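Report on the structure given below.
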Amino acid sequence: MARAAAKSHVRADSSDRAANTRVAAVFGEIADLLEVEGQNPFRVRAYRNAAHELGALGRDLAAMVAAGEDLTELPGVGEDLAGKICEIVDTGSCAALDELHATWPASIHDVMRVPGVGPRRARTLFERLAVRTLADLHAAATKQQIRELPGFGATSERNILDALAGLLGTGRRLPLAEARVHGERLLARLRGAPGVIEAVIAGSYRRALATVGDLDFLVTARAKNGAIAALVGAPDVAHVLAEGDTRATVVLRSGLQIDLRVVGRDSFGAALHYFTGSKAHNIAVRRLGVARGLKINEYGVFRDECRVAGRTEESVFAAVGLPFIPPELRENRGEIAAARAGELPQLVTSADLRGDLVLVPAKSEPSGLVTAAAVAARARGLAYLLVVHEVPARSHAAVDWPARIHAAAEACAERGLAALQGLELDMASKTCPEVVVDFVAARLSHVAHAPAHAALLRLVGPTRASDEGPDPTPLVRLALGAALAVVGEPAQLPRLEPQLRTARAEGVAVVLGSGGEPGGGEASRLDLAVSQARRAWIEPGEVVNSRPLAEVRAVLARRGASRRRAGP
DNA sequence: GCCGTTTTCGGCCCGACTGTTTTCAGTCG
């Protein structure tokens with residue numbers, strides 16, 4: 001045991017949460033193989049739940065093991081799984097999984113992930129046709145062997161080939177802003193369909209997750225309606241996966257999957273809650289219902305056979321003794337306990353903002369950019385702009401900074417907006433322009449010496465949309481006493497929630513901004529930034545640009561008041 | 001395998017759709 005403890009101590013020194021990922025992966029694989037084996041479904045679910053919980057855990061499992069903490073305190077973890085977590089952290093492997101691998105190949109996981117092939121069919125394919133891999137599956141389907149199996153037919157075989165050819169959705173998650181474009185177009189089409197009363201988008205889209213895997217449409221309609229027909233007949237539908245009286249699933253040419261549910265008016269609230277999720281939140285709410293003798297499903301809240309709520313979401317929450325919980329919080333990450341205690345945060349809204357943040361790249365002319373941002377800001381009823389001039393790490397040509405500052409000030413004044421202006425230094429900057437500004441900002445890509453006089457910090461990093469990047473905590477801490485600038489640039493969205501969550505935990509104030517990019521028809525970047533702040537439980541008081549200009553000036557002047565004149 | 005405002009045993013969300021059946025299992029969300 002001493003040896004194992006020493007090993008885990010070494011692992012615990014790494015600051016990432018690699019152990020969590022590893023444990024979640026092992027539990028997920030055990031769940032898959034137990035399911036193929038036909039084991040007790042609740043046992044399978046226990047592994048799957050634990051994998052999900054641990055994958056989203058904010059703490060490092062390796063560190064917890066090293067510190068000898070009681071792992072059974074973790075949600076979904078009992079004596080048995082606690083032991084397996086220690087085993088995986090200490091040895092990197094798990095005997096239970098090795099045992100399953102003696103019977104079932106690891107690659108069977110891929111086979112059962114093919115749409116239309118689940119654990120039972122994967123087992124049949126393995127036992128009857130020795131299908132171990134996707135290549136085996138393709139070969140068997142091509143040779144028309146699958147149609148001969150019990151429970152399969154020619155259609156199933158065809159569907160498997162289609163799935164393997166990548167026809168049934170790309171599986172890739174779409175950035176929220178991009179999904180919004182598809183979503184709004186379909187929404188308009190559904191609203192125009194005969195008999196439709198109301199159409200909304202639920203799911204992770206409504207929870208404002210930075211990326212969405214599919215779009216869940218919910219429609220209330222009269223008994224006879226054309227909602228399903230409107231969806232399957234939409235021009236960019238590539239495949240119809242399911243089409244019934246009350247639900248349909250299609251895949252668009254872009255690869256985006258669309259699910260549609262049609263419910264009666266009295267069920268709207270229950271259905272909206274049900275299809276907004278998250279799954280973990282729903283299960284927790286249904287549990288509360290069970291404790292009160294209530295059954296909650298997408299049609300309503302029922303005591304025995306009698307419907308007691310469901311027309312509105314508020315009525316569903318009220319039935320289990322809770323106030324309305326905003327969709328962005330519904331992740332079963334403490335929102336239910338907070339709601340019960342009457343301690344839900346008053347989330348920031350777009351209407352709370354009084355100013356926007358504009359970034360002016362060194363290579364751009366300030367006046368055009370700032371004018372466009374000022375026009376947009378006026379249209380939203382904002383009062384001021386924070387104009388941040390990016391200073392390149394190395395200046396190749398002489399830049400007339402006073403002229404740029406002046407041009408931006410003019411552009412704001414012309415639109416009746418106040419402006420606070422700052423220079424944003426790259427952390428590698430060797431030089432600092434000599435010009436009078438209201439504040440100094442800094443952009444950081446990794447932990448370094450943040451300029452002590454920087455009042456506003458912005459974290460920049462790789463632009464891969466799917467990558468949340470490393471733990472932002474050390475970087476965010478550099479903004480203590482200053483403010484963290486968060487810009488709703490679509491490609492950066494997945495990084496914002498962790499940054500904002502950390503900012504809140506560390507007591508760092510934030511500035512939410514559009515960056516001033518010309519938005520065109522796409523979703524407003526300011527609203528995208530706000531959506532991620534809401535997911536991070538941020539309240540208006542934590543948002544600097546929800547305050548009047550004078551207060552903002554004071555906040556930004558706290559640091560480096562003596563350094564207003566940036567430069568030597 | 002986990003968990004407890006009916007519980008340390010007996011539950012664990014559940015309804016829609018498809019394909020293959022001839023009354024239902026498997027899959028999905």
Side-chain angles (χ1 to χ4, degrees), chain A residues 27 30-31 34-36 38-54 71-85 96 111-125 146-160 163 168-169 202-204 212-218 228 232 239-251 257-263 267 270-271 273-302 320-321 340:
Chain A
F27 284 0
I30 290 177
L34 287 176
E35 203 173 18
V36 170
Q39 291 279 352
N40 177 356
F42 299 111
R43 191 176 162 216
V44 172
R45 189 191 295 171
Y47 277 101
R48 209 153 266 156
N49 278 347
H52 182 257
E53 293 284 352
L54 298 175
L71 300 177
T72 65
E73 293 291 312
L74 296 171
V77 176
E79 289 294 332
D80 185 273
L81 293 189
K84 287 191 171 72
I85 292 172
V111 176
M112 65 182 279
R113 284 290 170 276
V114 173
V117 180
R120 313 310 291 255
R121 290 181 148 191
R123 176 177 184 161
T124 304
L125 288 162
I146 293 178
R147 63 180 62 189
E148 303 302 330
L149 296 175
F152 290 81
T155 307
S156 301
E157 193 174 77
R158 180 76 249 159
N159 287 344
I160 287 172
L168 306 181
S204 51
V212 300
D214 59 12
L215 286 179
D216 298 298
F217 286 81
L218 177 66
I228 302 279
V232 300
H239 282 267
V240 178
L241 295 184
E243 181 184 359
D245 291 335
T246 65
R247 103 185 264 176
T249 302
V250 303
V251 177
Q257 182 169 314
I258 308 289
D259 293 312
L260 169 64
R261 288 292 297 253
V262 184
V263 299
S267 298
H273 179 255
Y274 187 94
F275 292 112
T276 296
S278 66
K279 200 172 180 176
H281 167 90
N282 285 355
I283 288 172
V285 170
R286 279 198 294 267
R287 274 216 163 109
L288 291 180
V290 169
R292 291 165 172 250
L294 299 171
K295 186 176 86 168
I296 303 176
N297 59 28
E298 62 263 55
Y299 299 108
V301 181
F302 300 89
V320 293
R340 255 176 151 168

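What you see is a predicted model; the values in this text were computed from it and never measured. Sequence lines set the chain letters: A, B, ... in the order given, protein chains first and strands last, and positions in each chain run from 1.
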Student check: side-chain heavy atoms of Arg286(A) and Leu294(A) closer than 4.5 Å: no

Contact class for Arg247(A) (heavy atom, under 4.0 Å): base, sugar-phosphate, or nothing? base

With a 4.0 Å limit, can you tell me whether Thr249(A) has a side-chain N or O closer than that to the phosphate oxygens OP1/OP2 of dA16(B)? no

P atoms of dC17(B) and dG11(B), separation to the nearest Å: 30 Å

Would you say Tyr47(A) and His52(A) make side-chain contact, with heavy atoms under 4.5 Å? no

Taking the C1' atom of each, how far is dG1(B) from dT8(B), in whole Å? 15 Å

Looking across every strand, which nucleic acid part, if any, lies under 4.0 Å from Tyr274(A) by heavy atom: base, sugar-phosphate, or nothing? base

dC28(B) phosphate, OP1 or OP2: any side-chain N/O from Gln257(A) under 4.0 angstrom? no

Any strand counts, and the cut-off is 3.5 Å on both contacts for Watson-Crick or G-U wobble. Which nucleotide pairs with dC14(B)? dG29(B)

Compare all side-chain heavy atoms of Val117(A) with those of Leu125(A) and state whether any distance is below 4.5 angstrom. yes

Looking across every strand, which nucleic acid part, if any, lies under 4.0 Å from Asn40(A) by heavy atom: base, sugar-phosphate, or nothing? base

Judged by each residue's nearest nucleotide on DNA chain B, which is more toward the 5′ side, Asn297(A) or Glu243(A)? Asn297(A)

Counting distance alone, no hydrogens or angles: does the base of dC12(B) have a donor or acceptor under 3.5 Å from a partner atom on the side chain of Arg45(A)? no

Which of these nucleotides, dG26(B), dC17(B), dG19(B), is closest to any side-chain atom of Ala242(A)? dC17(B)

Output the single nucleotide from dG19(B), dG1(B), dC14(B) whose closest atom is nearest the side chain of Ser156(A). dG19(B)

Interatomic distance where CZ belongs to Phe217(A) and P belongs to dA16(B) [whole Å]: 21 Å

Interatomic distance at C1', dC13(B) relative to dG29(B), whole Å: 12 Å

Regarding Arg292(A), tell me which of base, sugar-phosphate or nothing describes its non-hydrogen contacts under 4.0 Å with the strands shown. nothing

Give Arg121(A) one of three labels, base, sugar-phosphate or nothing, depending on what nucleic acid heavy atoms sit under 4.0 Å from its own. sugar-phosphate

Over how many whole Å does the gap from Tyr299(A) atom OH to dC13(B) atom C1' extend? 14 Å

P gap between dC2(B) and dT6(B), integer Å: 23 Å

State whether the number of non-hydrogen atoms from other residues, nucleotides or ligands found under 6.0 Å of His281(A) atom NE2 is greater than 12. yes

Nearest-Å distance for atom pair CD1/P, residues Ile160(A) and dG26(B): 15 Å

Among dG29(B), dC2(B), dT27(B), the one nearest Arg120(A) by side-chain distance: dT27(B)

Using whole Å, what does the distance between atom P of nucleotide dG1(B) and atom CG of Leu54(A) come to? 15 Å

Earlier contact from the 5' end, DNA chain B, for Leu74(A) and Gly118(A): Leu74(A)

Looking at Arg147(A), I'd like to know if its CZ atom is crowded, meaning that more than 12 non-hydrogen atoms belonging to other residues, nucleotides or ligands lie closer than 6.0 Å. yes

Please report the distance, rounded to the nearest Å, between CG in Asn159(A) and C1' in dG26(B). 14 Å

What nucleotide, of dT20(B), dG29(B), dG1(B), holds the atom closest to the side chain of Thr155(A)? dT20(B)

Measure CG/Leu241(A) against C1'/dG19(B) and give the value in whole Å, please. 14 Å

Lys/Arg N to Asp/Glu carboxylate O, Arg48(A) vs Glu35(A), below 4.0 Å: yes

Looking only at side-chain N and O atoms, does Lys279(A) come under 4.0 Å of OP1 or OP2 in dC14(B)? no

C1' atom, dT20(B) versus dG26(B): distance in rounded Å? 11 Å

From the set dC14(B), dC13(B), dC28(B), return the single nucleotide nearest to any side-chain atom of Pro115(A). dC28(B)

Below 4.5 Å, heavy atoms only, C-beta onward: do Phe275(A) and Glu298(A) meet side chain to side chain? yes

Looking at every strand, decide which applies to Val44(A) at a 4.0 Å heavy-atom threshold: base, sugar-phosphate, or nothing. nothing

Looking for any heavy atom pair under 4.0 Å, which part of the strands does Pro41(A) touch: base, sugar-phosphate only, or nothing? nothing

Determine yes or no for a side-chain-to-main-chain donor-acceptor pair under 3.5 angstrom, with Arg121(A) supplying the side chain and Gly116(A) the backbone. yes

Categorize Phe275(A) for me: base, sugar-phosphate, or nothing, with a 4.0 angstrom heavy-atom threshold over every strand shown. nothing

Rounded to whole angstrom units, what separation is found between the CG atom of Asp216(A) and the P atom of dA16(B)? 16 Å

Using a cut-off of 4.0 Å on non-hydrogen atoms, how would the nucleic acid contact of Ala202(A) be classed: base, sugar-phosphate, or nothing? nothing

Over how many whole Å does the gap from Arg286(A) atom CZ to dC14(B) atom P extend? 7 Å

